[in-house]
**Q** 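Please see the structure below; I have some questions.
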Amino acid sequence: FFFDSFHTPEMAESSSMAPSEESKTEYVTLVSAESCSFVLDKQAALVSKMIKEMLEGCQEGPFGSIDRVPFAEIGAHVLELVCTYLAERNNKGSSMTEFAPLKHLDPSKEEDRQTVVELLLAANYLDC
């Protein structure tokens, strides 16, 4: 899943609107407990203080900087919501007052209540 204006880095490079080398967007891959990968604009990922510290705390290795962050305790359905939130927050800034995907959750359903609890725990852990 990609969370940057609904295109992949490869699509941007092959399109006529490909960014110049100076403005090329960097991406980070967040990996869920089930090994699902979510590619996110690095600036959006840095909205999370925990992810920012993880990325800044790693030294560059022989293959460059770290761009893959595993979260063994966060399920794919919750990490997808977190990525959506981070992308929206990055685009809208701190003035974001509501998170649209939560409007679709029904508090009378146990599954939706569980999702909200897991999302709160993930948001607390990721400090976002």
Side-chain angles (χ1 to χ4, degrees):
F1 296 98
F2 293 92
F3 294 92
D4 177 50
S5 304
F6 304 104
H7 69 273
T8 67
E10 295 79 20
M11 290 168 56
E13 289 171 3
S14 67
S15 74
S16 60
M17 298 185 342
S20 65
E21 285 298 317
E22 301 85 41
S23 66
K24 200 171 243 184
T25 304
E26 293 183 54
Y27 294 90
V28 174
T29 303
L30 306 183
V31 183
S32 73
E34 302 89 354
S35 297
C36 293
S37 296
F38 299 91
V39 178
L40 186 63
D41 179 322
K42 188 173 184 176
Q43 289 304 311
L46 295 178
V47 169
S48 162
K49 292 176 187 170
M50 172 63 96
I51 294 172
K52 183 177 182 177
E53 288 178 14
M54 292 171 85
L55 293 174
E56 290 176 348
C58 295
Q59 294 183 354
E60 288 197 19
F63 302 108
S65 63
I66 303 297
D67 64 350
R68 186 173 176 85
V69 183
F71 293 103
E73 301 297 322
I74 302 176
H77 67 287
V78 172
L79 193 55
E80 181 178 12
L81 287 171
V82 168
C83 289
T84 302
Y85 171 79
L86 293 173
E88 281 187 28
R89 177 84 188 272
N90 185 54
N91 292 334
K92 295 179 182 176
S94 59
S95 65
M96 193 171 120
T97 58
E98 59 183 35
F99 183 50
L102 293 182
K103 288 183 175 181
H104 303 291
L105 297 177
D106 181 359
S108 67
K109 293 182 180 177
E110 177 61 33
E111 182 178 326
D112 286 353
R113 285 194 303 264
Q114 184 63 32
T115 297
V116 170
V117 168
E118 290 176 25
L119 185 58
L120 286 170
L121 291 171
N124 184 53
Y125 173 71
L126 296 172
D127 200 1
C128 58

**Q** Carefully, step by step, assess V28 and V39 under the rule side-chain contact (heavy atoms from CB on, under 4.5 Å).
**A** CA-CA 6 Å; V28 174; V39 178; over 6 Å; no

**Q** Compare every heavy atom of A76 with every heavy atom of F38, then report the nearest pair and how far apart it is.
**A** CZ-O, 3.5 Å

**Q** Is there a path from V117 to V82 through hydrophobic residues (I, L, V, M, F, W, Y) whose side chains come within less than 4.5 Å of each other?
**A** no

**Q** With distance as the sole test, does N124 use its side chain to make a donor-acceptor pair with the main-chain N or O of L120 at under 3.5 Å?
**A** no

**Q** Distance from L55 atom CG to S48 atom OG, nearest 0.5 Å?
**A** 9.0 Å

**Q** Looking only at atom types and distance, does a side-chain atom of D112 sit under 3.5 Å from a main-chain N or O of L105, one as donor and one as acceptor?
**A** no

**Q** Look at the side chain of T115 and the backbone N and O of E111, then say whether any donor-acceptor pair between them is shorter than 3.5 Å.
**A** yes

**Q** Working to the nearest 0.5 angstrom, can you tell me the gap between L79 CG and E34 CD?
**A** 9.0 Å

**Q** Kindly give the heavy-atom pair with the smallest separation between G75 and S32, and that separation in Å.
**A** C-CB, 3.9 Å

**Q** Could you go step by step and tell me if K109 and Q114 meet the side-chain contact (heavy atoms from CB on, under 4.5 Å) rule?
**A** CA-CA 9 Å; K109 293 182 180 177; Q114 184 63 32; over 6 Å; no

**Q** Nearest 0.5 Å, what's the OG-CG distance between S37 and L30?
**A** 9.0 Å

**Q** Out of curiosity, does Y85 fall in the hydrophobic cluster containing V31 (side-chain heavy atoms, cut-off under 4.5 Å, transitive links)?
**A** no

**Q** Specify the closest pair of heavy atoms between D127 and M50, including all atoms of both residues, with the distance to one decimal.
**A** CB-N, 4.3 Å

**Q** Does E73, at its CD atom, have more than 12 non-hydrogen atoms belonging to other residues, nucleotides or ligands within less than 6.0 Å?
**A** no

**Q** Taking the side chain as C-beta and beyond, is there a heavy-atom pair between E26 and Q43 under 4.5 Å?
**A** no

**Q** What distance do E53 atom CD and E56 atom CD have between them, rounded to the nearest 0.5 Å?
**A** 8.0 Å

**Q** Checking side-chain contact (heavy atoms from CB on, under 4.5 Å) for the pair L86/I51: CA distance, chi angles, key distance, verdict?
**A** CA-CA 11 Å; L86 293 173; I51 294 172; 4.3 Å; yes

**Q** I'd like to know if M54 and L121 are part of one continuous hydrophobic network [Ile/Leu/Val/Met/Phe/Trp/Tyr, side-chain heavy atoms within less than 4.5 Å].
**A** no

**Q** Report yes or no: does R68 contribute a side-chain atom to a donor-acceptor pair with the main-chain N or O of T29 at less than 3.5 Å?
**A** no

**Q** Please report the shortest heavy-atom distance between D67 and Y27, naming the atom on each side.
**A** CB-O, 3.9 Å

**Q** To the nearest 0.5 Å, what is the distance between CG (L126) and NZ (K52)?
**A** 15.0 Å

**Q** Quick one: closest heavy-atom pair of F99 and L81, and the distance?
**A** CZ-O, 3.4 Å

**Q** Looking at every non-hydrogen atom in both residues, tell me the closest pair between C128 and V47 and how far apart they are.
**A** CB-O, 4.5 Å

